[in-house]
Novice: 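Mind having a look at this structure? Questions to follow.
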Amino acid sequence: MTNVNFSSDRINEYTKKGIEYESKLEDLVVTQLGGTPPAPVTVNPETGNNILQDFLKSSNDFEAFGHLVSVPARQQQTHHEDGFALTELAMYGIKGACAYAAHCHALLEAMSPEDKAANLPAFESITVDVQAVLAKLGTLEGGTADDGPSDDPKVNAAFALVMQVGEINGRVLALLDQAHATKFGAPEPTQVRMTAVQGKCILISGHDMEDLHALLQQTQGLGINVYTHGEMLPAHGYPKLKKDFPHLVGNFGTAWQNQKFEFASFPGPVIVTTNCIVEPRRTYRQRLYTMNQVGYDGVQHIGEDRDFKSVIEQALGMDGFPRTIEPASFHTVGFNHRAVLPIADQVLGAAQSGALSRIVLIGGCDGSQWERSYFTDVAENLPDDTLILTLGCAKNRFIQSEKLEGATLANGLPRVIDMGQCNDAYSAVVVASELAKALECSINELPLSICLSHLEQKAAAVLLTLLSLGVKNIRLGPSLPAYITPNVLNMLVEHYNVMPTGDVDEDIKSMMKGE
């Protein structure tokens with residue numbers, strides 16, 4: 001759980017729960033299916049027992065246990081540098097796919113019995129395939145020298161798993177898109193207020209719309225304004241949220257890495273649901289709450305019942321914003337594929353008339369490194385006749401740019417189209433696929449360039465989905481994953497032309513040439 005949970009007790013609890021699940025599954029396989037008990041992956045040299053079982057009895061050496069299953073330890077056990085790099089890539093992709101699947105599960109559990117029954121088979125098939133991949137990850141078996149990008153069977157076996165993970169995540173994203181639309185209505189273009197409204201307030205950051213929905217229900221009629229933050233911004237585009245809850249008044253702040261400044265200046269309690277958390281400052285630690293997988297020692301945690309009573313009481317006891325900021329500023333969200341496809345003719349017409357020279361997708365997971373200004377610089381320096389599709393927290397680097405605010409193409413289309421959260425990469429794929437059909441070409445032949453900001457497992461999952469669909473010419477940065485070996489990088493470059501982000505001006509020139 002990258003950048004999500006820093007609570008030793010919570011991580012300890014998750015680890016023990018995982019061990020218990022493993023033990024129950026092993027018992028099921030052995031006693032009911034007549035299987036053979038698996039050999040312990042790691043043996044405690046002092047007891048001769050499975051290290052996981054010993055850990056379950058005593059967690060005093062929690063950090064020592066972590067070293068036994070760390071990246072270096074697993075790399076040493078694999079005895080194959082390139083195979084290990086690919087299995088790490090697959091594992092990060094699986095983690096990302098499972099994170100998206102957790103959002104799916106939250107929505108399924110909140111649906112009507114009929115809607116849940118309609119979507120549950122797709123979810124269950126995903127979990128089965130995830131387990132199948134996990135069972136194969138440590139073996140590097142099943143490949144041949146003739147089936148894959150390498151003459152090494154182990155590399156080909158691992159590469160096949162990487163592609164399978166991408167395909168699985170594509171199905172997860174499709175299900176998540178459908179689940180959101182089923183529960184809250186299909187997103188529609190909506191102007192979101194980005195400035196404060198006078199009154200008491202609560203800020204909610206993260207991804208899970210059902211958490212926001214529960215908060216809105218519990219704060220209805222109490223005189224508390226609710227603001228979104230970070231990846232919760234697209235919530236304003238869902239009809240059942242914006243129409244049923246007028247106290248969802250706007251968005252405050254930008255992306256996760258700016259929490260220390262933005263949370264400190266927000267005059268109310270803050271809830272972090274399912275996204276990255278930064279070590280909280282003392283100025284707001286006592287009004288910070290975590291949910292779901294998020295955790296930080298010393299920070300209050302809201303349980304699975306989504307009871308926001310303590311948050312609401314704290315909000316009512318604070319002054320909130322002293323005045324409404326005018327003139328207000330706005331940002332338009334809700335450009336889901338369901339909203340973009342009806343205007344596809346305008347996009348095609350602009351391209352054919354010369355009003356649109358190129359479409360550039362800029363998205364992914366953002367971070368605090370200085371080099372990530374690359375994505376801002378690219379967006380602001382692209383020619384005025386380019387269309388920018390954006391999604392994920394990386395969009396916060398330029399959606400409020402003075403240079404791009406209100407900018408349009410010659411035919412009136414907005415130059416920046418916000419497609420939503422990082423999982424809405426699915427919408428981008430749908431739009432690209434439909435445009436390719438209309439032009440009778442492949443996605444790679446479209447006037448489309450892709451720049452992805454890479455940070456953690458969700459970005460890895462999205463990348464693998466794009467690769468599994470055969471998408472090429474992706475710029476990835478500001479740095480490549482550390483577990484990618486030179487041979488694996490060469491493989492990705494040779495077969496998919498994946499390239500690192502470089503000099504902004506040179507990259508823009510290359511993009512405009514279709515390179």
Novice: Using modelled atom types only, decide if a donor and an acceptor are shared between the side chain of Thr390 and the backbone of Ile362 within a distance under 3.5 Å.
Specialist: yes
Novice: Scan for ring-ring contact (aromatic ring centres under 6.0 Å, His included) pairs involving residues 196-235, sequence neighbours excluded, and state none if there are none.
Specialist: His103-His207, Phe184-His213, His213-Phe245, Tyr227-Phe266, Tyr227-Phe321, His229-Phe263
Novice: Once ring pair (Phe, Tyr, Trp, His ring centres under 6.0 Å) is applied, do any residues pair with Phe123, and if so which ones, sequence neighbours excluded?
Specialist: His105
Novice: So, using ring pair (Phe, Tyr, Trp, His ring centres under 6.0 Å) as the criterion, who are the partners of Phe330 when residues are at least two apart?
Specialist: none
Novice: Can you tell if the side chain of Glu279 reaches within under 4.5 Å of the side chain of Phe6, non-hydrogen atoms only?
Specialist: no
Novice: Looking at Lys116 and Met111, would you say the former's side chain and the latter's main chain have a donor-acceptor pair under 3.5 Å?
Specialist: no
Novice: Does NZ or CZ of Lys24 come closer than 6.0 Å to the centre of the six-membered ring of Tyr21, within 45° of the ring's axis?
Specialist: no
Novice: Between Leu233 and His331, is any pair of side-chain heavy atoms under 4.5 Å apart?
Specialist: yes
Novice: Tell me whether Arg285 contacts the main-chain N or O of Pro280 through its side chain, where contact means a donor paired with an acceptor under 3.5 Å.
Specialist: yes
Novice: Test Thr182 against every option in Leu107, Leu108, Asp177, Asp115 by the side chain to side chain contact (heavy atoms under 4.5 Å, CB included) rule and name the one that passes.
Specialist: Asp115
Novice: Not counting sequence neighbours, which residues clear side-chain hydrogen bond (donor to acceptor under 3.5 Å, both in side chains) with Glu88? List them please.
Specialist: Arg74
Novice: Output all residues satisfying side-chain hydrogen bond (donor to acceptor under 3.5 Å, both in side chains) with His80, sequence neighbours left out; order by chain, then residue number.
Specialist: Asp152
Novice: Not counting sequence neighbours, list each pair that qualifies as a side-chain hydrogen bond (donor to acceptor under 3.5 Å, both in side chains) and has a residue in residues 242-252.
Specialist: Glu188-Lys242, Thr190-Lys242, Thr219-His247, Thr228-Asn251
Novice: Is a side-chain N or O of Thr273 found less than 3.5 angstrom from the main chain of Ser205, in a donor-acceptor match?
Specialist: yes
